[in-house]
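Predicted model only: the values in this text are computed from it and were never measured.
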There are 2 protein chains.
Amino acid sequence: MYLCRINKIVIFVCMNSLTEENYLKALYALGNEKGEVNVNDLSRRLEIKMPTVTSMMKKLAAKKLVHYESYKPLRLTEKGRKEAALIIRKHRLTEMFLVEKMGFGWEDVHPIAEQVEHIQSVPFFEKMDQLLGYPKVDPHGSPIPDRNGKVVWKEYQKLSECKVGETVKLSAVINTSEDFLRFLNSREIHLGLKVKIKAIESFDRSMKVSYAKRSDEILSHIVSDRLLVEKI
Amino acid sequence: MYLCRINKIVIFVCMNSLTEENYLKALYALGNEKGEVNVNDLSRRLEIKMPTVTSMMKKLAAKKLVHYESYKPLRLTEKGRKEAALIIRKHRLTEMFLVEKMGFGWEDVHPIAEQVEHIQSVPFFEKMDQLLGYPKVDPHGSPIPDRNGKVVWKEYQKLSECKVGETVKLSAVINTSEDFLRFLNSREIHLGLKVKIKAIESFDRSMKVSYAKRSDEILSHIVSDRLLVEKI
DNA sequence: GTACAAAGTTAGAAGAGTCAAACAAATGTA
DNA sequence: TACATTTGTTTGACTCTTCTAACTTTGTAC
């Protein structure tokens, strides 16, 4: 908490520390992934022991960022959700910038964005946004929250849930691990790709698909379950 | 200090903290500005009290980054100088990127680069360097250290030391404060500008110069003493 | 409905980075 | 040379973030 003077107007600016930002982000992500978030979940996600998480939750509760009650699931307040979304906005804008303007592959951007997202500078991210033409999604198809922390989730379907004969457009990936993205690269699978489902093996639910110049590619259920598509 | 495993090879990677990086950078800058650096100088530059500086010097000495002896001037070790130069490399590459690739003005880039310089990612800065075409200087004319921390200082002269009748090229600015740079903007003064010295007022050492479409501009000694030029 | 495992909390400690107060050395001046 | 000022150091304390150890609560299996 510090004072910021702008033309004789004094305002309290409450900066969250880098550590606090990471708790908020993890809380937000876990909430989206599984609804209820426990101290234990957060502890495992952040690789920080439970007592430390408990005490940080009390601190964030004091800052009105988290609703905290002993032994109850953790919930972000509206303020906490917004702050988390704004960090994720910076993360995803950065990922998009790294891919579109700097020539990185989608598999390499996460660790860099993880650091850049903590930079405190409104014009820096506004400029990125502008140079990118105000993108709605990041390189993995995840939505970029707007300046107010609002997120619009498009209704996607898992490729694994599609039927034989359908043709769909690949719009997002669920898993964004470097390994998985490298696997997709090796099969020339990228966002926007039109995929036709030619057959589904009921035994292991693997899919035979065709796309671009590849016909009869086999995708295991593990893979098709991590790809989000739109009907076309 | 942590272990880093690359294909079964285990190496010790000694990360300096953000705080340590700031001490190294300040020590490096002060050393260039005034030769001998005291605890007091560093204390004032970083706005950190002397006892804190003393204890950090002991810590950096233990890491072989600084030569520290009680009551003696502070000196960076070769290792310390290199690490500092590599941080400054990241700072200046960032400033150049912000100006050249993102459209910021030279007066606005410092606070952003101050944060970006701490990002730990070799490819991130390599990519910047490549996209910029391996620049030798930053937007203020300061040299960008190379990958090994080597710095090549060109021999510039202060505009204030030039003689009437000379025509020179503006190559760097000494003061990079936002105010000074905004002042230069208001007079349409930028790096690369050809300036002709028409007269010098011996009373206050102000200079009458002409450049671009402006003739008979008056620059105070305060200003001409902060501009570095090359003869042409 | 007890008993046990899992999850969560409390208490106490440690390291990093910071400070103020008190003391010590170095330096400049009379 | 001696005193005063500046500079530097030591000490002890505080905040932040983390940990381990010990204890409590919750929920589940029998």
What is the distance, rounded to the nearest whole Å, between atom NZ of A:K58 and atom P of C:dG8? 13 Å

Check the phosphate of C:dG8 against A:Y68, side-chain N and O only, distance under 4.0 Å to OP1 or OP2. Yes or no? no

Test item: side-chain donor near acceptor, A:N185 and A:W106, under 3.5 Å: yes

Nearest whole Å is fine: how far is C:dG15 P from B:N16 CG? 19 Å

Would you mind checking if A:R205 and A:E161 are paired as a salt bridge, meaning a charged N to carboxylate O distance below 4.0 Å? no

With ring pair (Phe, Tyr, Trp, His ring centres under 6.0 Å) as the rule and sequence neighbours excluded, what pairs involving residues 68-98 of chain B come up? B:H91-B:H110

What is the distance, to the nearest angstrom, from the NZ atom on B:K72 to the P atom on D:dT9? 11 Å

Interatomic distance, A:Y71 OH vs C:dT9 P [rounded to whole Å]: 6 Å

Would you call A:K90 and A:I119 a side-chain contact if the rule is heavy atoms closer than 4.5 Å? no

Of A:L227, A:N175, A:L170, which is the lone residue that meets side-chain contact (heavy atoms from CB on, under 4.5 Å) with A:L184? A:L227

Would you say B:T54 places a side-chain N or O within less than 4.0 Å of OP1 or OP2 belonging to D:dG8? no

Whole-Å distance between D:dT17 C1' and A:E21 CD? 15 Å

For A:L27, which of A:V37, A:V53, A:L65 qualifies under side-chain contact (heavy atoms from CB on, under 4.5 Å)? A:V37

Residues of residues 24-49 of chain B with a heavy atom under 4.0 Å from any atom of DNA chain D, listed by number, are B:N38, B:V39, B:N40

Atom-to-atom span, CE of B:M57 to P of D:dG8 - whole angstrom: 12 Å

From CG of A:L74 over to C1' of C:dA7, roughly how many Å is that when rounded to an integer? 12 Å

Would you mind telling me which of D:dT10, D:dT7, C:dT9 lies closest to the side-chain atoms of B:M50? D:dT7

Nearest-neighbour nucleotide for the A:T19 side chain, D:dT10, C:dG8, D:dT17 considered: D:dT17

Result of checking A:I200, A:L219, A:D225, A:V223 against A:S160 for side-chain contact (heavy atoms from CB on, under 4.5 Å): A:D225

Would you classify A:S70 as touching base, sugar-phosphate or nothing, given that sugar-phosphate means primed atoms plus P, OP1 and OP2, and contacts are heavy atoms under 4.0 Å? sugar-phosphate

Tell me: CE of B:M56 to C1' of C:dT18, nearest whole Å? 10 Å

Counting the atoms with a prime plus P, OP1 and OP2 as sugar-phosphate, which does A:S55 contact under 4.0 Å by heavy atoms, base, sugar-phosphate, or nothing? base

Looking only at the side chain of A:Y23 (C-beta and beyond, no hydrogens), which of the listed nucleotides D:dT18, D:dA21, D:dT10 gets closest? D:dT18

